[in-house]
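Keep in mind the model is a prediction, meaning the values are calculated, not measured. For ligands, and for the atoms within them, numbers begin at 1 and follow the listed sequence.
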Amino acid sequence: MTDLKGALSQTVSSVFEGLGLDASLGRVGVSDRPDLADFQCNGALAAAKAARRNPREIAAEVIAALSADPKASELFSSVEVAGAGFVNLRLSDGALTQRAAEIVTDPRLGAALNETPRRIIIDYGGPNVAKPMHVGHLRSSIIGEAIKRIYRFCGDTVWGDAHFGDWGFQMGLLILAAGDEDPRLRAIGEGAADVDLSALADLDLPLLDRLYPMAAAKAKEDTDYRDRARKATAELQAGKEGYLTLWRRFVEVSRVALRREFDALGVHFDLWNGESDADPFIPDMVTALRAQGLLVEDQGAQIVRVAREGDKRELPPLLVISSEGSAMYGTTDLATIVGRRRDQDPHLMLYCVDQRQADHFAQVFRAAELAGYAPEGALEHIGFGTMNGADGKPFKTRAGGVLKLHDLIEMARDKARARLKEAGLGAELSAEAFEETAHKVAIAALKFADLQNYRGTSYVFDLDRFTSFEGKTGPYLLYQAVRVKSLLRKAADEGSVGGPVIICEPAERDLVLTLDAFNTAVAEAYDKKAPNFIAEHAYRLAQAFSKFYAACPVLVAKDAATKASRLTLSATALRQLEMALDLLGIETPERM
Ligand code: ARG
């Protein structure tokens with residue numbers, strides 16, 4: 001099954017070819033002027049330029065050939081030249097009705113599957129031990145989750161990996177801070193004989209939350225402290241038993257808290273691997289890198305030079321082993337690639353991480369290519385911009401700190417409750433159902449506000465706007481979905497069922513054309529790793545449905561066949577809207 005754009009492109013392309021023109025110029029797109037045409041082909045302009053001819057003349061030849069072709073005349077109700085040489089195409093009702101029939105019975109609602117599925121790892125989320133997640137992790141989680149779902153939907157085998165930050169300098173800092181806090185924890189770290197492990201139970205989340213920022217601040221000012229933390233990091237990585245005992249507790253406590261956060265967001269990982277899981281691969285990797293002549297000594301550290309001739313700016317080398325002997329952020333990333341090769345052997349690894357880490361990934365990817373761990377193109381950084389405050393700088397709390405993800409979700413939930421009440425919604429729901437709906441509205445607001453932008457663009461955090469039930473927002477989409485659900489419930493109550501689609505009204509035409517555009521939106525989102533194409537589609541679909549619903553009575557349609565057709569269209573629009581929202585990781589409530 002191909003979408004209308006694909007079918008039309010094929011037909012027009014073969015006409016171009018028949019006229020001795022480049023077939024690829026026959027590509028058809030959705031019309032810029034829906035009042036004049038459904039689709040348009042701009043190829044005559046390029047063809048004319050190449051042949052130094054008049055584009056309107058070529059367009060006229062294309063139209064003549066299309067009109068003479070019996071298959072093509074079935075597809076179109078009108079074909080016209082417009083402007084400088086555009087070919088405007090209006091679809092026949094027959095072709096549109098046939099496509100509608102395909103979409104309504106398709107479990108994928110018109111979206112094609114990839115011909116050659118691939119194995120893909122998406123590295124996203126990237127939370128850190130003992131550091132509460134902040135808005136940067138929010139973007140990574142939201143975008144990464146959506147890309148994972150889109151790839152899986154298209155037929156790939158996909159693993160989402162949280163790549164938990166559990167092996168770097170912050171671990172050394174925590175070990176020191178825990179020891180300073182409580183002598184019993186220090187004794188555990190130092191591996192004292194007959195040590196009392198019960199103190200570990202006191203090492204809970206509130207304590208970690210307090211210790212880490214304290215230690216991080218101290219390390220900024222106190223070089224001696226910093227050096228000790230570095231040494232502790234190296235000792236932990238070298239396997240010091242007491243440090244490992246503390247570390248295991250840090251990891252355990254953090255994971256429980258993070259999992260709760262991710263669950264609230266509807267973000268789910270297939271692999272909960274951490275940087276530490278790459279540790280076993282490091283010794284052999286280092287030996288091999290050295291043998292390949294890639295690892296060289298530089299001021300006591302071991303580095304891989306990754307700069308290339310022709311680079312506009314010199315890319316610093318990848319630091320593999322620090323002068324204290326510890327593995328670094330880039331080391332664990334490189335070794336993680338080795339591990340993934342062994343375990344999943346993916347065709348592609350996508351890293352959904354803040355654009356500001358672009359240099360880090362360039363270093364890691366180049367080192368991986370040099371070492372032969374991944375062919376060119378198998379590693380890709382899916383960068384994104386920042387969520388900003390009204391001042392245009394990365395969002396900060398009123399006190400000037402980073403906003404914790406937990407607090408952000410809480411804020412959104414509060415606002416969602418208020419918005420629902422304001423709009424007079426949810427009044428009939430039980431307290432529990434109201435809370436569930438408010439949660440879904442809050443998450444939809446945050447996710448849609450993020451995903452409707454191309455991921456590379458930064459956007460301004462504006463909870464008032466995000467949670468509005470009007471405009472291009474998550475709550476608006478949920479509201480539309482709930483409206484259809486309630487319509488379908490009423491229909492079911494009166495025993496009405498759907499039937500074959502009949503297209504009469506312009507709003508029905510438009511709705512079917514919009515349903516058909518789902519395939520292109522999915523393909524585009526997939527190719528560009530950009531969920532905003534799906535977000536845009538969901539919004540257009542909700543709008544097309546809303547217009548249809550205003551113009552075309554459903555339950556009181558003029559005859560039974562029209563009513564049955566409109567019920568089918570409504571149900572299909574709902575299914576596709578929910579499918580698109582699901583690809584964005586957004587759940588719709590049953591009622592509001
Ligand atoms: N933990 C890192 C951070 O908070 C992000 C990890 C991203 N993934 C990776 N493979 N480096 O900045």
*asked:* For Tyr329 and Phe169: C-alpha separation, side-chain torsions, deciding distance, then whether ring-ring contact (aromatic ring centres under 6.0 Å, His included) applies.
replied: CA-CA 9 Å; Tyr329 184 39; Phe169 176 61; over 10 Å; no

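- The single protein non-hydrogen atom nearest to atom 12 (O) of ligand 1 is Gln357 NE2, 2.9 Å, given as residue, atom name and distance.
- Ligand 1 has no N or O atom lying under 3.5 Å from any N or O atom of Pro127, backbone or side chain.
- Side-chain contact of His360 with Asp333: a donor-acceptor pair under 3.5 Å is present, judged by distance alone.
- At a heavy-atom cutoff of 4.0 Å, ligand 1 is contacted by no atom of Lys131, backbone or side chain.
- Considering Arg413, Lys440, Arg417 as possible partners of Glu435, the one that fulfils the salt bridge (charged side-chain N to carboxylate O under 4.0 Å, His left out) test is Arg417.
- At a threshold of 4.0 Å, the pair Arg575-Glu578 does not count as salt-bridged, since none of the basic side-chain nitrogens sits closer than that to a carboxylate oxygen.
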_Between Tyr539 and Tyr476, does the ring-ring contact (aromatic ring centres under 6.0 Å, His included) criterion hold? Intermediate values first, please._
CA-CA 9 Å; Tyr539 180 63; Tyr476 165 76; 5.8 Å; yes

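- Annotation for ligand 1: atoms under 4.0 Å from non-hydrogen atoms of Tyr329 are 2 (C), 5 (C), 6 (C), 7 (C), 9 (C), 11 (N).
- Distances below 4.0 Å separate heavy atoms of Val353 from the following atoms of ligand 1: 7 (C), 8 (N).
- Those atoms of ligand 1 with a heavy atom of Asn128 less than 4.0 angstrom away are 1 (N), 2 (C), 3 (C), 4 (O).
- Considering backbone and side-chain atoms alike, Tyr351 places every N or O at 3.5 Å or more from each N or O of ligand 1.
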*Would you sort out whether Arg139 and Asp450 count as a salt bridge (charged side-chain N to carboxylate O under 4.0 Å, His left out), showing the intermediate values?*
CA-CA 7 Å; Arg139 288 217 75 187; Asp450 190 293; 2.8 Å; yes

_What verdict does the ring-ring contact (aromatic ring centres under 6.0 Å, His included) test give for Phe269 and Tyr124, after you've listed the backbone C-alpha separation in whole Å, the side-chain angles of each residue and the deciding distance to 0.1 Å?_
CA-CA 9 Å; Phe269 298 100; Tyr124 70 105; 4.7 Å; yes

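- For atom 10 (N) of ligand 1, the nearest non-hydrogen atom of the protein is Asp333 OD1, 2.7 Å.
- Annotation for ligand 1: atoms under 4.0 Å from non-hydrogen atoms of Phe361 are 9 (C), 11 (N).
- At the shortest separation from atom 8 (N) of ligand 1 among protein heavy atoms lies Asp123 OD1, 3.1 Å.
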